[in-house]
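The structure under discussion appears below in the form of structure tokens.
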Protein chains: 2
Amino acid sequence: MDTIIRNTTILTMNAHNEILEHADILIRDDVIAKIGPNLAETAECAQIIDGSGKLVMPGLINGHCHVPMTLLRNYADDMDLQTWLFDHIFPVEDRLNDEDVYWGSLLGIMEMIATGTTCFADMYYHMDSIASAVESSGIRAQLSRGQTCMDTGSDFSGNRAMQESVDFVKKWNGAAGGRITAAMAPHAVYTCSADYIRAIARHAEKLEVPIHVHLDETATEHEDCLKNHGKTPTAYLSDLGLFDLKTIAAHCVWINGDDMALLKEKDVSVIHCPASNLKLASGIAPVPQAHSMGLNVCIGTDGASSNNNLNLWEDMYLTSILHKGNTRNPKVITAVETLRMATVNGAKALGMSCVGSVEEGKKADLIMVSLEKPHIKPLHNICSALVYSAQGSDVCMTMVDGRILYQDGEFRTIDREKVWYHLEKVCNRLFG
Amino acid sequence: MDTIIRNTTILTMNAHNEILEHADILIRDDVIAKIGPNLAETAECAQIIDGSGKLVMPGLINGHCHVPMTLLRNYADDMDLQTWLFDHIFPVEDRLNDEDVYWGSLLGIMEMIATGTTCFADMYYHMDSIASAVESSGIRAQLSRGQTCMDTGSDFSGNRAMQESVDFVKKWNGAAGGRITAAMAPHAVYTCSADYIRAIARHAEKLEVPIHVHLDETATEHEDCLKNHGKTPTAYLSDLGLFDLKTIAAHCVWINGDDMALLKEKDVSVIHCPASNLKLASGIAPVPQAHSMGLNVCIGTDGASSNNNLNLWEDMYLTSILHKGNTRNPKVITAVETLRMATVNGAKALGMSCVGSVEEGKKADLIMVSLEKPHIKPLHNICSALVYSAQGSDVCMTMVDGRILYQDGEFRTIDREKVWYHLEKVCNRLFG
């Protein structure tokens, strides 16, 4: 089945960040088959979309999320981390069941789809429920069962999280026509022993899946690791061999120059989560330095309980302005660099060379942004307009694998009223 | 003429930050006449608005703007301040005429209305054009002719800016049924001589209008003032007697503890502009300290050429999370404190006790926010949801003086196509 988008502006995010005007896009099944002016209508053409006054760009890639935590959005704010976690978040998480996680995930996916995210990396538990929500919604995701050994003995092979993680990889990696991939996820240096991390790495190597880990999120994590292991979290995990596997590391707020050199050497991607880091008072990550050292920096929202939204446009905006103010240099992290972080860099981090740019042969994971809004005019510079002025609500179409998931406020694959109904039931049980 | 809003949630922003559920609001002409459950329909009732699934709150007050600079949105970004100003902004501003400023102002007002701002404080020139745009659009504003003596002699009475400023106050203060008030605006310590500032203060006192000034925006301004006058910008302006008049001071990035004590003593309101301060790399204002010392802190967008939008929701979000991260304290600047900054504090700063909260007897300057969105659910905490999750695009109705200016994506007082048409002409002339 073919779809043609006519007469649009394309932010390609190809190697030259080319912008095409008055271009057409032919999408055949799940692939961008052809880009050019005035493409001929094909015999298989099922739909033609008018792209005038709009911009097509790669779907955004959210590099770090805990999507079911959408249930805890605005549940506990403006308090210190320990109170937040131990008095509010953990007690609710203890009560979560598979059904809660399914509807919570679908709610978060709705928000992501409506704001132009076509792929996200997630770490949580009740993973079958998340995978089912990804499968039914049509979004793309790399999913991992977060693993800790905080309350387990030393027999890692018998550890429930490890077994669930391995089972999850075997069941879901490559599922939904390749839209779902799996990773393994040692939660963090402060929740996993060295042996446990080594065991996870062995499993991941054998299963040929990448690693998703929290890294150096808080000053406490950094200082405790120095005290307990005589190394920074980055050096510690590197010495354990974790970074010999393809890895995405979320947060990296407290990494130093040596850490950055090590992450660069090991080709570990840094997932910058500015909203969460600010809101939880973790600090401000050294993103300009990491970027200038050539690390692959990407952008993530973190969970909706610490952000409190999954709208990657806000994190793009933050990424682009926060570091200018913090380093007192208005030239760091330009608009186009920010856009690359949220698209091609994310695709590279997740090992998904098939997405991240609008180019012939790539998967048709793309979004349309309306330009006919007061806050986008005048349109002096497209990249600046997208990063500094556009809002998540300017996304008017979201497509994954050539399939429209969202258009003009309507969800095509998710029954909104059904989600509202189940959400109310879930919330009554959990919080009522 | 009466309007009734039925069965809604009201964030009153009264002294107790009360939130009312299932409440009705009776609006008679330009005033909130009655609030309560199940209000009887009046004989003069011209329209009933269904408020279910929505929230009514005071319209937002943008404490610092240069609205015609919307024409320069995304025109020059990611560069140092001197290059930005001297090579890009000033040359265009030199070419601006009255018509450009009218259409640029109307464009900025459209964005503000669509994102729930009902009142803004502005400083620019071609002021008759801005006032005309405010008058025709129906928004409320406090306007001032920015004054400098950079390129004038010592005869201040003959100074063109001074004359224009005085004329503007006489012509427009209290115009449009009181929707337009005037102020006088010495631009900043580095663009005005001491004598010039004293002369402005004398005129303002005589005309009984307040002051709008840029204060301590950059480290350069702070250091130069110390070098040239032996005092901080705050102490310098205070010694010149400027703060004996009612004053709003924009930015205040580099104020120290003594400055804050002085601003508190003089009852000067601080307009925090976090997006502009970050994007232009000015720095991060000491807002938590100012707030805890009891200063009246408000929020502003600054112009769209340094933000690059006039969406106060983004500046609210920034205000609420930036200082948590910067001070490493997640408890500073709570959601409700942020909401007060953008509403009641703004009203107090502008001497408009008639607006800023939804209470009987106040002017009907209010907005409706849709709660039936994925990113607002679940609704655990209304203030958190508004500050941390809601977007400008969630505003579904904006009312000033009891008149609906915007509803469900449609502008009631502004002809959108006409603005687009003139905007294109203006941009062709200025940039083409």
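Since we're looking at a predicted model, the values are computed, not measured. Just so it is clear, the values below take in all heavy atoms, side chains as well, and ignore hydrogens, waters and symmetry mates. The sequence lines fix the lettering, A, B, ..., with proteins before strands; numbering per chain opens at 1.
For the atom pair CG of B:N309 and OG of A:S389, the computed distance is 5.5 Å after rounding to the nearest 0.5 Å. Taking CG of A:N277 as the reference point, atom NZ of B:K324 lies at 14.0 Å (rounded to 0.5 Å). With rounding to the nearest 0.5 Å, the separation of CG in B:D394 from CD in A:Q391 is 10.0 Å. The distance from atom OG of A:S320 to atom NZ of B:K279, rounded to the nearest 0.5 Å, is 8.0 Å. A:L318 contributes atom CG, which lies 8.5 Å from atom CG of B:L278 (distance to the nearest 0.5 angstrom).
For chain A, the nearby parts of B:A275 are the backbone and the side chain; heavy atoms of each come within less than 4.5 Å. Contacts of A:A114 with chain B are absent, with no heavy-atom separation under 4.5 Å from either backbone or side chain. In this structure, chain A has no heavy atom under 4.5 Å from any part of B:W84. With a threshold of 4.5 angstrom between heavy atoms, B:A335 approaches chain A through its backbone and through its side chain. Contact annotation for B:I382: neither backbone nor side-chain heavy atoms come within less than 4.5 Å of a heavy atom of chain A. Heavy atoms of B:L322 lying under 4.5 Å from chain A belong to its backbone as well as its side chain. Proximity to chain A (any heavy atom under 4.5 Å) is restricted, for B:N311, to the side chain, taken from C-beta onward. For chain A, the nearby parts of B:T334 are the backbone and the side chain; heavy atoms of each come within less than 4.5 Å.
Taking both residues in full, the closest heavy atoms of A:A219 and B:R328 are given as CB-NH2, 3.1 Å, listed atom of the first, atom of the second, then distance. Taking each heavy atom of B:S384 and A:D77 in turn, the nearest pair found is OG-OD2, 2.7 Å. The nearest pair of heavy atoms linking B:K331 to A:D80 is CG-N, 3.9 Å. Residue A:E372 comes nearest to B:R416 through the heavy atom pair O-NH2, 2.8 Å, listed as atom of the first residue, atom of the second, then distance.
Annotation: A:E424, atom CD; neighbour count of heavy atoms from other residues, nucleotides and ligands within 6.0 Å does not exceed 12.
Considering only heavy atoms from C-beta on, B:L107 comes within 4.5 Å of A:P378 through its side chain. Considering only heavy atoms from C-beta on, A:P374 comes within 4.5 Å of B:F411 through its side chain. Looking at heavy atoms from C-beta onward, A:H375 lies out of side-chain contact with B:L310 at the 4.5 angstrom threshold.
Considering only heavy-atom pairs separated by less than 4.5 Å from chain B, the leading option among A:N307, A:N329, A:N381, A:L423 is A:N307. Interface remark: of the candidates B:L379, B:L71, B:I284, B:L280, B:L71 forms the most heavy-atom pairs closer than 4.5 Å to chain A. Ranked by heavy-atom pairs shorter than 4.5 Å toward chain A, the options B:H323, B:E314, B:M110 are led by B:E314.
Side-chain contact check for A:Y388 and B:D78: at least one donor-acceptor pair (N or O, by modelled atom type) lies under 3.5 Å.
Among the residues in residues 425-432 of chain A, those with a non-hydrogen atom closer than 4.5 angstrom to a non-hydrogen atom of chain B are A:C427, A:F431.
Residues passing the salt bridge (Lys or Arg N to Asp or Glu O under 4.0 Å) test with B:E111, sequence neighbours excluded: B:R73.
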